[in-house]
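This one's a predicted model, so the numbers in the text were calculated from it and none came from an experiment. Within every chain, numbering begins at 1; the chains are lettered A, B, ... in the order of the sequence lines, protein sequences first and strands thereafter.
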Amino acid sequence: MRFENELKVIKKGVEEIIPVDELLKKLEKSAKTGVPLRIKYGIDPTGYDVHIGHLVPIRKMREFQDMGHIGVIIIGDFTAQIGDPTGRDDSRPPLTKEQILENSAKYMEQLFTVLDPARTEIRYQTEWFGSMGMTDVIKLMGKFTLAQFLAHDTFRNRYEQGLALGMHEIMYPILQGYDSVAIHSDVELGATEQKFNILAGRDMQRYFGQEQQVAVLSPILMGTDGVNKMSKSMNNYIAVFDPPAEKFGKVMSIPDKLIVNYYNYATTLHPDEIQKIKEELESGVNPMLSKKRLGWEIVKLYHGAEAADEARSAFEKQFSQKEIPDEMPEFNSPEQSLKLIRILTESGLCETNGEAKRLIMQGAVSVDGTKFTAIDAEIELVDGAVIKCGKRKYLRIRK
RNA sequence: GGAGAGGUUCCCGAGCGGCCAAAGGGAACAGACUGUAAAUCUGUCGUCAGACGACUUCGGAGGUUCGAAUCCUCCCCUCUCCA
């Protein structure tokens, strides 16, 4: 049957589908009636930096779109004020309308590197929450019990660890759940940590007499540190806005253990191909090679094959062959010569004089290939001279 | 409302009158090594100063003291138990 095939595609790279048989029924019904399914994914417009971990469920949405269904992106302008308790940010300052609009515009720009705009609907929570009164809110809250929330990992852990847990935070799943009612969601996508929130949507829909949505949960992508999940706050992420060389470098910095994981969730390679890479790794092929390919695949996804080639060869030049990169920041000064320390700080290569001194003493700084270790070194400012500071920072002198 | 515990440098977490710019760990950065911005080892890690040292920091505001992250007062915030 046709939907069996579709189901196979949907299942690929997905951790859990709750419940599978309902999804099958929905697919069947949609095929029969010609009415596309509504696939929901919510974002909080607290920022706009999208990283490749966010895009794991978004790719799934694209697959649904390619089957003819509708992707509905919810801009969580209300939930943004709460902050997803699943994260650990304590308080969020309320966002202005302008910020929300700006953030969501930039957010969508990045999502559209993956999504099909023709089959994407963008909805704001304000549409349905903006006019709600206290009575409605109380009614919604009454649909859930405290026990339910305390059964939720995040809430329980924070409670048991004695961390602060604001009353408003329990509103998060309630609001997210009601979103599903408001947009008549058929499927909600999210990472596995979203399970509770997404299931809350199912409950809400039942209370409102709607057909319940199906949860399609993607695995959580680990951050480049290999320890925490990829997130902005841990600064272990590869952003969609990162330039190609940056993406490539960040991929090279992931621990070797993560290679297969990234192939699975951050690329669109065929599972058989990934299996092959896995076997190669196990048989002792240098992980660096698989990583280079991984970096290439990821850059290609966002910037095309040409950019991927460039990123790879730039990396090889700079780190394997230790050549000087073509592009680097430049520094201008009217002086004939300057203290090395001052060049480093004034150009912004180093934050403080102390840092500059440290780096010099540690032998991290060289000018045109000559290492300088004297703190008070004075440098002739010659046009085109290249200062190297550490592994990745370069500066070209301009006259 | 009552009784306790606590707020420390980017994060976690010690310190509880001078030896504290503050242990330890993590992160970060650097060096060595490596066909990886992996792993490992070593070092650095408040600001200024070449160094001696000076200055700013331990929730906030005052106070005691020759001297406070450490003691006192008030305030703000968090947690636990009782109701």
Side-chain donor-acceptor pair present, [X], [Y], cut-off under 3.5 Å:
{"X": "Gln194(A)", "Y": "Gln176(A)", "value": "yes"}
{"X": "Thr120(A)", "Y": "Gln65(A)", "value": "yes"}
{"X": "Asp136(A)", "Y": "Tyr178(A)", "value": "no"}

Counting heavy atoms from C-beta on, name the nucleotide in [options] closest to the side chain of [X].
{"X": "Phe315(A)", "options": "A30(B), U78(B), U36(B)", "value": "U36(B)"}
{"X": "Glu246(A)", "options": "A37(B), C48(B), A30(B)", "value": "A37(B)"}
{"X": "Gln362(A)", "options": "G43(B), C79(B), G31(B)", "value": "G43(B)"}
{"X": "Lys371(A)", "options": "A30(B), G31(B), A37(B)", "value": "G31(B)"}
{"X": "Thr352(A)", "options": "U47(B), C29(B), U80(B)", "value": "U47(B)"}
{"X": "Lys322(A)", "options": "U80(B), A37(B), U34(B)", "value": "U34(B)"}
{"X": "Tyr159(A)", "options": "U80(B), G43(B), U36(B)", "value": "U80(B)"}

Looking for any heavy atom pair under 4.0 Å, which part of the strands does [X] touch: base, sugar-phosphate only, or nothing?
{"X": "Leu258(A)", "answer": "nothing"}
{"X": "Lys291(A)", "answer": "base"}
{"X": "Pro255(A)", "answer": "sugar-phosphate"}
{"X": "Gly354(A)", "answer": "sugar-phosphate"}

Answer whether the closest heavy-atom distance between the side chains of Val20(A) and Leu7(A) falls below 4.5 Å. yes
Just how far, in rounded Å, is [atom2] of [N] from [atom1] of [X]?
{"X": "Lys257(A)", "N": "U36(B)", "atom1": "NZ", "atom2": "P", "answer": "18 Å"}
{"X": "Leu281(A)", "N": "A38(B)", "atom1": "CG", "atom2": "P", "answer": "17 Å"}
{"X": "Met252(A)", "N": "U34(B)", "atom1": "CE", "atom2": "P", "answer": "16 Å"}
{"X": "Leu294(A)", "N": "U36(B)", "atom1": "CG", "atom2": "C1'", "answer": "12 Å"}
{"X": "Met167(A)", "N": "C79(B)", "atom1": "CE", "atom2": "C1'", "answer": "16 Å"}
{"X": "Phe319(A)", "N": "A38(B)", "atom1": "CZ", "atom2": "C1'", "answer": "13 Å"}

Would you mind telling me which residue lines up with the more 5' stretch of RNA chain B, Thr345(A) or Ala245(A), judged by nearest nucleotide? Ala245(A)
Comparing Ile375(A) with Arg358(A), nearest RNA chain B nucleotide closer to 5' gives the residue Arg358(A)
For a quick test of reading the model: is some side-chain N or O of [X] closer than 4.0 Å to OP1 or OP2 of [N]?
{"X": "Ser253(A)", "N": "A38(B)", "value": "no"}
{"X": "Asn353(A)", "N": "U47(B)", "value": "no"}
{"X": "Lys357(A)", "N": "G50(B)", "value": "yes"}
{"X": "Arg293(A)", "N": "U36(B)", "value": "no"}

Both distances below 3.5 Å, Watson-Crick or wobble geometry, any strand: find the nucleotide opposite C66(B). G18(B)
When both distances are under 3.5 Å in a Watson-Crick or G-U wobble arrangement, the nucleotide paired with G4(B) is C79(B)
Going by side chain to side chain donor-acceptor pair (under 3.5 Å), name the pairs with one or both residues in residues 257-266 of chain A, residues two or more places apart or in two chains. none
N-O pairing of Arg59(A) and Glu63(A) below 4.0 Å: no
Taking the same atom, P, in A21(B) and in U57(B), what whole-Å distance lies between them? 13 Å
If I pick the C1' atom on C12(B) and the same atom on G7(B), what distance separates them, to the nearest angstrom? 14 Å
Relative to the ring of Phe241(A), is the ring of Tyr48(A) parallel (under 30°), tilted (30 to 60°) or perpendicular (over 60°)? perpendicular
Considering only heavy atoms and no angle criterion, is a donor-acceptor pair shorter than 3.5 Å present between the side chain of Asn286(A) and the base of U36(B)? no
